[in-house]
Amino acid sequence: LLLLLLSAAGAEPELRFRPPAEAPVRLFTEPELARYDGHQEGQPIYLAVKGVVFDVTSGKEFYGKGAPYNALVGKDATRGVAKMSLDPADLTHDTAGLTEEELKSLDDIFNNVYKAKYPIVGYTSRRILNEDGSPNLDFKPEDQPHFSIKDEF
């Protein structure tokens, strides 16, 4: 019994609360997301695809100031990713009118590049809010086109 008590006394107490390993995700408005466009030294670089905000800072050579894909960051560039386009008209969240091939490309890049390589730091407010900022009562993640919430966590 003494041996059991001594070994238990030397053991660390079990923590009931464990802090998250990563920073919690947050909701970004368009102006907030625009602050993370790679132009400010020391600031993280964020890119949203399908309303999911990724920290692409580790790919600074691709997404940082003056880098080839800098036009994609600081915004939801879903359409541009789907079309593989850096045209300013395509740098939007809007997927209306995309072809089946572009939608498949979007899903492939979303899953095999962004989700596989970069941490999720938040979501765009557009996913759950109306344009006026009020809650979108009809929003259901599982009903969003080309979106599966179970795969994001």
*Asks:* Taking the side chain as C-beta and beyond, is there a heavy-atom pair between Thr78 and Leu106 under 4.5 Å?
*Replies:* yes
*Asks:* What residues, two or more places apart in sequence or in another chain, satisfy side-chain contact (heavy atoms from CB on, under 4.5 Å) together with Asn70?
*Replies:* His39, Val73
*Asks:* For Glu61, does the CD atom have more than 12 heavy-atom neighbours from other residues, nucleotides or ligands under 6.0 Å away?
*Replies:*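 Check passes, neighbour count above 12.
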*Asks:* Decide side chain to side chain contact (heavy atoms under 4.5 Å, CB included) for Met84 and Ile109; before the verdict, give the C-alpha distance in whole Å, the side-chain angles of both, and the deciding distance to 0.1 Å.
*Replies:* CA-CA 10 Å; Met84 296 185 188; Ile109 293 168; 3.8 Å; yes
*Asks:* From His93 NE2 over to Glu30 CD, what is the distance, rounded to the nearest 0.5 angstrom?
*Replies:* 7.5 Å
*Asks:* In chain order, what residues pass the ring pair (Phe, Tyr, Trp, His ring centres under 6.0 Å) check against Tyr46, with sequence neighbours excluded?
*Replies:* Phe28, Tyr36
*Asks:* Under a 4.5 Å cut-off applied to non-hydrogen side-chain atoms, are Tyr114 and Val52 in contact?
*Replies:*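 In short, these two side chains do not touch, never coming nearer than 4.5 Å.
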*Asks:* Hey, what's the ring geometry for Tyr63 with Tyr118, parallel, tilted or perpendicular (30° and 60° as the breaks)?
*Replies:* perpendicular
*Asks:* A side-chain contact here means heavy atoms from C-beta on lying under 4.5 Å apart; do Phe62 and Val56 qualify?
*Replies:*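 They are not in side-chain contact.
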*Asks:* Mind listing the closest non-hydrogen atom pair of Ala82 and Ser105 along with its distance?
*Replies:*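 Closest approach of Ala82 to Ser105, heavy atoms only: O-OG, 3.9 Å.
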*Asks:* Given the rule in the side chain to side chain contact (heavy atoms under 4.5 Å, CB included) test, do Ile120 and Asp55 qualify, once you have shown the distances and angles that lead to the verdict?
*Replies:* CA-CA 6 Å; Ile120 295 172; Asp55 182 341; over 6 Å; no
*Asks:* Cut-off 3.5 Å, side chains only: do Glu32 and Thr29 have a donor facing an acceptor?
*Replies:* yes
*Asks:* Sequence neighbours left out, what passes side-chain contact (heavy atoms from CB on, under 4.5 Å) with Ala71? Give chain and number order.
*Replies:*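 Counting only residues at least two positions away or on another chain, Ala71 forms a side-chain contact (heavy atoms from CB on, under 4.5 Å) with Leu86, Leu91.
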*Asks:* At what distance, to the nearest 0.5 angstrom, does CG of Leu33 lie from CZ of Arg26?
*Replies:* 9.0 Å
*Asks:* Do the side chain of Thr57 and the main chain of Ile45 share a donor and acceptor less than 3.5 angstrom apart?
*Replies:* yes
*Asks:* For a quick test of reading the model, state the closest non-hydrogen atom pair linking Ser85 to Asp87 and the distance between them.
*Replies:*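 Looks like OG-N, 3.1 Å.
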*Asks:* Out of curiosity, Lys115 NZ to Phe54 CZ, how far, rounded to the nearest 0.5 Å?
*Replies:* 7.0 Å
*Asks:* Taking the basic N atoms (NZ, or NE/NH1/NH2) and the acidic carboxylate oxygens, is any pair closer than 4.0 Å for Lys50 and Asp76?
*Replies:* no
*Asks:* Side chains of Arg79 and Leu98, heavy atoms from C-beta outward: is any pair under 4.5 Å?
*Replies:* yes
*Asks:* Could you tell me whether Gln43 atom CD has more than 12 heavy atoms of other residues or ligands within 6.0 Å of it?
*Replies:* yes
